[in-house]
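Because the structure is predicted, anything quoted here is derived from the model rather than measured.
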Amino acid sequence: SRCDFLVPSVLRRGALSVAVATDGKSPLFARRVRKELEEILPEAYGEFLEILGEQRDFLKETVPDEQARRKLFESLVYSDILELLKKGMRKEAEEKVKQCISSLQD
């Protein structure tokens, strides 16, 4: 009652963090929502984010044109790579990354 410091319930998937807060009204409910999010956001989301980070660094070094780089990165983000990772198909996901980049660099 003498402070306004609140700690959210946090879900982490690698570098991805999702925080749920209820302004102190119900920390237990925040935990429930976070647990529901755990089912919606499996570990594959963190894995996908790592791939995106690697490709972002690569594209920044190899594609000087910002618009072209953005288009390449969008093709990765909106591809089916995440779905492949959710199915445990890491090799296929890596191949899809190569396809996305090579198809737009040609």
Side-chain angles (χ1 to χ4, degrees):
S1 66
R2 294 187 171 178
C3 75
D4 60 2
F5 181 76
L6 305 171
V7 179
S9 185
V10 179
L11 169 65
R12 288 185 173 78
R13 297 292 188 242
L16 177 66
S17 297
V18 179
V20 179
T22 61
D23 287 339
K25 295 186 186 329
S26 180
L28 193 58
F29 182 65
R31 185 178 350 163
R32 175 186 169 183
V33 172
R34 188 212 50 196
K35 290 211 174 275
E36 290 176 9
L37 288 171
E38 287 175 358
E39 295 177 26
I40 297 169
L41 304 172
E43 294 293 334
Y45 278 69
E47 193 175 0
F48 186 44
L49 188 54
E50 288 304 313
I51 290 171
L52 291 174
E54 291 167 5
Q55 294 309 312
R56 183 171 188 256
D57 291 342
F58 170 75
L59 293 174
K60 284 171 74 174
E61 292 174 8
T62 60
V63 180
D65 180 76
E66 187 176 335
Q67 293 290 56
R69 194 168 55 238
R70 178 182 298 270
K71 190 173 182 179
L72 282 164
F73 202 68
E74 285 178 357
S75 75
L76 293 171
V77 169
Y78 294 103
S79 71
D80 61 348
I81 296 168
L82 178 57
E83 295 307 313
L84 292 169
L85 292 170
K86 286 180 184 179
K87 294 176 185 174
M89 303 170 72
R90 175 71 188 212
K91 288 183 182 180
E92 292 84 350
E94 290 172 353
E95 187 58 37
K96 185 67 174 193
V97 169
K98 292 176 189 173
Q99 288 174 1
C100 287
I101 290 174
S102 67
S103 70
L104 290 171
Q105 282 185 325
D106 294 337

Checklist entry - Is the shortest heavy-atom distance from the side chain of Lys71 to the side chain of Ser75 under 4.5 Å? => result no
Checklist entry - With a 4.5 Å heavy-atom cut-off, do Tyr45 and Leu49 have their side chains touching? => result no
Next on the checklist: Are Tyr78 and Val63 connected into the same hydrophobic cluster when the rule is that any two of I, L, V, M, F, W, Y join if their side-chain heavy atoms are below 4.5 Å apart?
Outcome noted: yes
Donor-acceptor pairs under 3.5 Å, side chain of residues 80-88 to any protein atom, not counting sequence neighbours: which ones?
unit_1	atom_1	unit_2	atom_2	d
Glu83	OE2	Lys86	NZ	3.3

Item to check | Distance, nearest 0.5 Å, that separates CD of Glu50 from CD of Gln55 | outcome: 12.0 Å
Under 3.5 Å donor-acceptor pairs involving side-chain atoms of residues 25-43, not counting sequence neighbours:
unit_1	atom_1	unit_2	atom_2	d
Ser26	OG	Phe29	N	3.2
Arg32	NE	Glu36	OE2	3.0
Glu43	OE2	Arg13	NH1	3.0

Item to check | From Glu95 atom CD to Cys100 atom SG, the distance as rounded to the nearest 0.5 Å | outcome: 10.5 Å
Checklist entry - Can you name the nearest heavy-atom pair linking Val10 to Ala19, along with the distance? => result CG2-CB, 4.2 Å
Checklist entry - If you measure from CZ on Arg56 to CG on Leu76, what distance do you get to the nearest 0.5 Å? => result 12.5 Å
Item to check | Value rounded to 0.5 Å, distance of CZ in Arg12 from CG in Leu16 | outcome: 10.5 Å
Checklist entry - Quick one: side-chain contact (heavy atoms from CB on, under 4.5 Å) partners of Glu66, sequence neighbours excluded? => result Arg69, Arg70
Checklist entry - Applying the 4.5 Å side-chain criterion to the ILVMFWY set and letting contacts propagate, would Phe58 and Phe48 be lumped into a single cluster? => result yes
Checklist entry - Using 4.0 Å as the upper bound for N to carboxylate O, is an ion pair formed by Arg90 and Glu94? => result yes
Checklist entry - Out of curiosity, Phe73 CZ to Leu52 CG, how far, rounded to the nearest 0.5 Å? => result 4.5 Å
Item to check | pair Val20-Pro8: side-chain heavy atoms closer than 4.5 Å | outcome: no
Next on the checklist: I'd like to know if Leu59 and Ile51 are part of one continuous hydrophobic network [Ile/Leu/Val/Met/Phe/Trp/Tyr, side-chain heavy atoms within less than 4.5 Å].
Outcome noted: yes
